[in-house]
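Protein chains get the first letters and strands the later ones, always in sequence-line order, with residue 1 at the start of each.
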2 protein chains.
Amino acid sequence: MNFQVKFDINERIYLRNPENSEVGKLMVKKSIDLIYQLGFEQFTIKKLATEINSTEATVYRYFENKHSILLYILNWYWCYMEFLVAYKLENITDKKESLRIIVHLLTHELAGSESHFDYNKKYLNQIVISESSKTYLVKDITEINKNEVFKPYKDLCTRIAKVISEYNPNYKYPRSLSTTIIETSHHQQFFSVNLPKLTDVNSIKNSEFTNQFIEDFLFKIVD
Amino acid sequence: MNFQVKFDINERIYLRNPENSEVGKLMVKKSIDLIYQLGFEQFTIKKLATEINSTEATVYRYFENKHSILLYILNWYWCYMEFLVAYKLENITDKKESLRIIVHLLTHELAGSESHFDYNKKYLNQIVISESSKTYLVKDITEINKNEVFKPYKDLCTRIAKVISEYNPNYKYPRSLSTTIIETSHHQQFFSVNLPKLTDVNSIKNSEFTNQFIEDFLFKIVD
DNA sequence: TTATTTAAGATAGTAATACTATTATATAAT
DNA sequence: ATTATATAATAGTATTACTATCTTAAATAA
């Protein structure tokens, strides 16, 4: 079975919906490729324009600035992750198993077709790990937040918090625990690859290590 | 009682030691003020030069680029934090109490004189919360890490991990747990102020909330 | 005291970036 | 056939992250 999912990304993130044109779609896809390759700081609108055989002016007709492009990508990811959580938890009654599935989803690469039209899931995963905090660690966070651009992240957090509360209704910090496992899955994966002394990785794959670490601590907390 | 502490910051972070001159010291102090006020992205060498009544050329004689200035500030913080942990844990035999002290230190503002010569501790604290991850979430992390610029962070991690292992020698992930409580103290404080829906803050102060959350979380894991 | 070293200040300049504005052209809808 | 709309092409601005050079002031050594 194979299917595609589409999400309505918050209109206030873009000036013109990139989903509605070929250049627009190419723009987002190539942004993912470039941010993965160069890192967000070295990624520029000029480089993106060159990559899509177009001009800076065209890019600026879709996005106000490069921060908006990152936000767009992350919004897509948060929506996709929430969809995946909902999908994979369907018909699972065992709440322990539900939590295990969530941790697995958060710590492993997104599955998905690697077609030419699709976003590169491996790249997207790396962007989430290395760049996602740059969407909110900005001085004008309050202004940006007014546009509800973090709603998909909050929704994902809410959904996970709900499962935590169903598993243990007495646990006092379901939302904070939810964001902690999300953020921890990012920084432990980053550290285990780049600054391994900050972790306890051994020979196993970093995603597997992070999965084990988070599963271990999650159940110690909620049990 | 009042005393000052000095740390030998890794020589590879600066070109000329800012501690050895008045402009140098002023440069670091004003960088803290400006990064706090503007955020790291809006902070520029030009603005810093103007602030210290000097020129960009002078700043560049001390630091290669603005990333190095952030690294210098964070290195100072990590050294200071490790010193504080060592100092506050002196003569404490109860390991549970030791862990409580560590969590308190990580989640509360640094104490310290607010003299004109000292770094502004309130600002420094905010920089640690909002900007510290930008020291390592960069594409050239591998290159940068070769200069041992993250040694103070690793040392802090090692020291906390040691206390965790002394408390519970069977716990398998002391280093990862150590970095997790450090990083969690940052993002939960940030979220509780700026994106409170991602947390469970109520009316209490965000540092107090974060302290309670992490203490609860830590002891459920290591007990 | 004089000579030498050293750091800071003043000034200028470059390449890259994040935009904005304008016009011409191609395409699609009416 | 006309109109609306999007894109491409081009140009331009302000800011930034640097680099280079030259002068001046101060500290140090002979």
For B:Asn65 and C:dA15, what is the distance between atoms CG and C1' respectively, to the nearest whole Å?
17 Å
Length of the NE2-C1' vector between A:His67 and C:dT17, whole Å:
17 Å
Tell me which pairs pass side-chain hydrogen bond (donor to acceptor under 3.5 Å, both in side chains) where either residue lies in residues 48-63 of chain B, with sequence neighbours left out.
B:Ser21-B:Tyr62, B:Ser54-B:Thr58, B:Thr55-B:Thr58
Could you give the CD1-to-C1' distance, from B:Ile69 to D:dA17, as a whole number of Å?
12 Å
Output the rounded distance in Å from OH (B:Tyr60) to P (C:dA12).
19 Å
With the threshold set at 4.0 Å, does a side-chain nitrogen-carboxylate oxygen contact exist between A:Arg12 and A:Glu148?
yes
Give each protein N/O atom lying under 3.5 Å from an N/O atom of nucleotides 6-10 of chain D, with the pair distance.
unit_1, atom_1, unit_2, atom_2, d
D:dA6, OP1, A:Arg16, NH1, 2.8
D:dA6, OP2, A:Arg16, NH1, 3.4
D:dT7, OP1, A:Tyr62, OH, 2.4
D:dT7, OP2, A:Tyr62, OH, 3.3
D:dA8, OP2, A:Ser54, OG, 2.4
D:dA8, OP2, A:Thr58, OG1, 3.0

May I have the distance from B:Glu64 (atom CD) to D:dT19 (atom P), rounded to whole angstrom?
7 Å
Rounded to whole Å, NZ of A:Lys66 lies from P of D:dT15 at a distance of 19 Å
Please give me every residue in residues 35-48 of chain B whose heavy atoms get under 4.0 Å of an atom in DNA chain C, ordered by residue number.
none
Is any side-chain heavy atom of B:Leu177 closer than 4.5 Å to a side-chain heavy atom of A:Asp200?
no
Does the side chain of A:Gln188 come under 3.5 Å of the side chain of B:Ser176 through a donor N or O and an acceptor N or O?
yes
Nearest-Å distance, CG (B:Leu15) to C1' (D:dC18)?
12 Å
salt_bridge(A:Asp155, A:Arg159) N-O dist < 4.0 Å:
no
Is atom NZ of B:Lys151 surrounded by more than 12 heavy atoms (other residues, nucleotides or ligands) closer than 6.0 Å?
no
Just wondering, do B:Glu183 and A:Thr184 contact through their side chains at under 4.5 Å, heavy atoms?
no
Do B:Phe213 and B:Phe217 have ring centroids that are under 6.0 Å from one another?
yes
